[in-house]
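Quick note: residue numbers are just sequence positions, from 1. All values below come from the heavy atoms of this structure, side chains included, with hydrogens, waters and symmetry mates left out. Counting starts at 1 for both ligands and their atoms, in listed order. The shown structure was predicted, so the numbers you read here are calculated from the model rather than taken from an experiment.
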Amino acid sequence: MTSNHVDTRRVQLARLFNELWSVPPTVYTRAPGRVNLIGEHTDYNEGFVLPAAINRAAYVVARPRDDRQLRVYARQKDEHATIALDELHPDRFQGWPAYIAGMADFLGRAGHALVGADLLIDGDVPQGAGLSSSAALEVAVGATLLALAGHAIDRVQLAQVGQQTEHTYIHVMSGIMDQLISAQGKANHALLIDCRDYSTQPLPLRSDVQIVVCNSNVKRELAQSGYNQRRAECDEAVRLLRSALPDIRTLRDVTPEQLDQHKDLLPPIILKRARHVVTENARVLQSADALKRGDIQRFGKLMNEAHASYRDDFEASLKQIEVLVSAAQSLPGVYGSRLTGGGWGGCTVSLVANQAVEQFCSTVGAIYEHEVGHKADIYVCTAADGVEVTPFAEA
Ligand code: GLA
């Protein structure tokens, strides 16, 4: 997206804000969605992930109020909500207002005194597609509330507050990847994140390769239970492995060799889940090395291996996703392709040589529609910067 586009959105949202509340907004916030290039379900196992923030985001325009109310208009839903800062509790909120209430609640608990505000919320991250529209909303709202109250933004803390919101207000036991990349993304880079200490390393993406995201348009409604179940299976693997490896804290601490050596301790299903996580961690580190060397062939091969592991050992794929991945992997100019995000629907991510992108979009789109019976949406993405709050000069 060009800066021209961003400016247009900013102006339009400011105008709408003015129409709604008859005063101009004072700040504009953009927090991106993300695509994960490799490293699935490793984050809550304190392992490694390699996502990129994308040029689709949640947007907020806002202005402080004199009272302790958050008055919010969600443009995509065309709905209003009022949230009292002094009456925050997870039981009181459902649907999209829960994200806002959760952020306000946990920022407050982290010691940030907040002020009331009028907020207009918009976004262009497809929802329920595995591109982290929720994390983008959390990070955008959190950064806005901090800015309006005059607090500096600690990006790691902002991500943690987003994760607490997911756990407590949304009841999804998500890891930290989505919020961290939305807070800390870097344009034209992927970010290697160590989810144990939250250290990050930006790795440049090659300009002759595009990130192409294919949305299966299979919503991830069933995914929440699957996600939480996988998380429990990983914890169970650690519990059982501790009889032989007492010092391990999470699957991050187990090498592929150790898992193989102690595989008899685990029931077959738990072994498969653990094998995905343990080998995936190794693949993320290898793929980061490949990216540093600019070796996109190797990177793509690791993406394909990661997909096979996600499908066979973690059992998080679906037949519609397989259509997208096999169509992509068979095309010339495609380095790698895999299911991205939490699993059971959503999107695939493919790395495609610039000159092959057009052919990719038409061929994969046609195969998908023919075999599945509905259309996929295809987005050619660029890697974007993390959350940004800018004041309106005129305010
Ligand atoms: C979802 C979660 C993340 C991560 C991925 C799987 O996106 O929010 O924390 O666990 O699934 O890699």
Polar proximity ligand 1 side, Glu40 side, N/O cut 3.5 Å exclusive: yes
Test item: Asp253 and Asp247 side chains (from C-beta on) under 4.5 Å apart, heavy atoms: no
Glu233-Gln229 side chain donor-acceptor pair, cut-off 3.5 Å: yes
Close-contact set for ligand 1 against Tyr227 heavy atoms, below 4.0 Å: 1 (C), 2 (C), 3 (C), 4 (C), 9 (O), 10 (O), 11 (O)
By salt bridge (Lys or Arg N to Asp or Glu O under 4.0 Å) - contacts of Arg298 (at least two apart): none
Flag side-chain contact, heavy atom, 4.5 Å: Glu236 against Pro267: no
Geometric cation-pi criterion, Arg56 with Tyr379: 6.0 Å, 45°: yes
Arg34 to ligand 1, any heavy atom closer than 4.0 Å: yes
Sub-4.0 Å atoms of ligand 1 with respect to non-hydrogen atoms of Asp178: 1 (C), 2 (C), 3 (C), 7 (O), 8 (O)
Per-atom contacts, ligand 1 versus Gly175 - under 4.0 Å to a heavy atom: 9 (O)
Atoms of ligand 1 close to Met177 [distance to a heavy atom under 4.0 angstrom, numbered from 1]: 4 (C), 5 (C), 12 (O)
Nitrogen or oxygen atoms of Asp43 and ligand 1 under 3.5 Å apart: yes
Location of contacts on Gln179 toward ligand 1, heavy atoms closer than 4.0 Å: neither
Contact list for residues 101-132, test ring-ring contact (aromatic ring centres under 6.0 Å, His included), sequence neighbours left out: His112-His151
